[in-house]
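As structure tokens, the structure follows; a few thoughts come after it.
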Amino acid sequence: MAIIITDECINCDACISECPNNAIYEPDQEWSYSDETALSGTITLPNGEEADADAENDPISDEFYFIVPDKCTECKGFHDEPQCASVCPVDCCVPDDDHVETEEELLSKKAWLHAE
């Protein structure tokens with residue numbers, strides 16, 4: 001499952017540099033699938049829908065840091081645990097019950113993001 005940042009976030013910036021998929025963004029920041037990934041142009045998302053990897057998407061939160069679920073792999077294939085959660089001083093990086101995925105799905109998403 002993806003990780004979510006709760007509204008307890010203090011916007012400390014500790015998590016953003018730890019994410020190997022560039023899935024974490026500042027409050028009110030637009031994001032794209034192509035940010036720090038191998039994705040570009042028209043892509044097929046893990047859910048089967050098509051999207052423009054280079055398109056700027058609306059921020060998920062305008063108050064605190066947020067994680068794009070389609071880019072979060074819980075650091076599978078990179079680290080033993082989600083790095084955002086390990087560095088968060090207020091423990092606001094928690095599993096996202098709305099985006100439950102198996103380890104196989106997370107590793108497949110990592111390969112998709114990084115053209116492996």
Side-chain angles (χ1 to χ4, degrees):
M1 91 182 38
I3 303 296
I4 191 170
I5 298 176
T6 68
D7 59 4
E8 296 169 357
C9 177
I10 59 173
N11 295 326
C12 71
D13 200 19
C15 60
I16 203 164
S17 63
E18 297 298 322
C19 182
N21 300 314
N22 197 47
I24 303 174
Y25 292 84
E26 295 180 16
D28 208 29
Q29 181 181 5
E30 291 183 340
W31 63 274
S32 69
Y33 288 100
S34 63
D35 293 337
E36 304 287 326
T37 69
L39 302 174
S40 66
T42 302
I43 57 170
T44 302
L45 301 175
N47 67 7
E49 295 179 19
E50 286 195 354
D52 179 354
D54 303 307
E56 293 291 319
N57 297 285
D58 291 335
I60 294 174
S61 172
D62 60 357
E63 298 176 29
F64 47 88
Y65 282 75
F66 62 89
I67 297 174
V68 175
D70 282 344
K71 293 179 72 177
C72 178
T73 63
E74 292 183 42
C75 295
K76 295 290 182 193
F78 294 103
H79 305 286
D80 293 333
E81 63 183 347
Q83 295 302 286
C84 56
S86 70
V87 300
C88 182
V90 293
D91 297 325
C92 68
C93 297
V94 298
D96 182 356
D97 293 332
D98 291 335
H99 295 95
V100 177
E101 298 165 295
T102 66
E103 183 170 348
E104 182 179 298
E105 289 170 320
L106 293 168
L107 289 170
S108 176
K109 188 190 308 182
K110 173 193 178 277
W112 171 71
L113 288 166
H114 301 285
E116 296 175 350

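Below, all heavy atoms of this structure are taken into account, side chains as well, without hydrogens, waters or symmetry copies.
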### Summary
Closest non-hydrogen atoms of E101 and E105, given as atom of the first, atom of the second and distance, are CA-OE1, 3.1 Å

#### Entry: Pairwise side-chain contact, N11 with E26, heavy-atom cut-off 4.5 Å (strictly under)
no

### Message
Atom CG of residue position D80 - does it have more than 12 heavy atoms of other residues, nucleotides or ligands inside 6.0 Å?
### Response
no

### Close side-chain approach of E116 to K110, heavy-atom, < 4.5 Å
yes

### Any L39 side-chain heavy atom under 4.5 Å of W112 side chain
yes

### Query
Taking all non-hydrogen atoms of both residues, which atom of H114 and which atom of N21 are closest, and how far apart?
NE2-OD1, 2.7 Å

### Query
Among side-chain atoms of D70 and H99, is any donor-acceptor pair under 3.5 angstrom?
no

### Query
When rounded to the nearest 0.5 angstrom, what distance separates CD in E104 from NZ in K109?
13.5 Å

### Reference residue Y25; test side-chain contact (heavy atoms from CB on, under 4.5 Å); the match among D35, N57, I60
D35

### Query
Transitively linked via ILVMFWY side-chain contacts under 4.5 Å: I16 with W31?
no

### Polar side-chain atom of E50 near backbone of G48 as donor-acceptor pair, under 3.5 Å
no

### Query
Is I67 reachable from V94 through a run of I, L, V, M, F, W or Y residues, each pair having side-chain heavy atoms under 4.5 Å apart?
no

### Message
Side chains of S32 and D54: any donor to acceptor distance under 3.5 Å?
### Response
no

### Query
Any chance CD of E36 has more than 12 other-residue heavy atoms, nucleotides or ligands included, within less than 6.0 Å?
no

Run the side-chain donor-acceptor check on residues 2-9: report pairs under 3.5 Å with partners two or more places apart or on a different chain.
unit_1, atom_1, unit_2, atom_2, d
T6, OG1, E8, N, 3.3

### Query
Is any side-chain heavy atom of C75 less than 4.5 Å from a side-chain heavy atom of P20?
yes

### Task
Find out whether V87 and C93 are in side-chain contact, i.e. whether some heavy atom of one side chain is under 4.5 Å from a heavy atom of the other.
no

### Task
Measure the shortest side-chain to side-chain distance between P59 and F66 over non-hydrogen atoms and say whether it is less than 4.5 angstrom.
yes

### Message
Would you compute the distance between atom CD of E18 and atom OG of S86 and round it to the nearest 0.5 angstrom?
### Response
6.5 Å

### Task
Would you confirm whether S34, through its side chain, and S40, through its main-chain N or O, come within 3.5 Å as a donor-acceptor pair?
no

### Summary
Smallest heavy-atom separation, C84 atom then I24 atom, equals CB-CD1, 3.8 Å

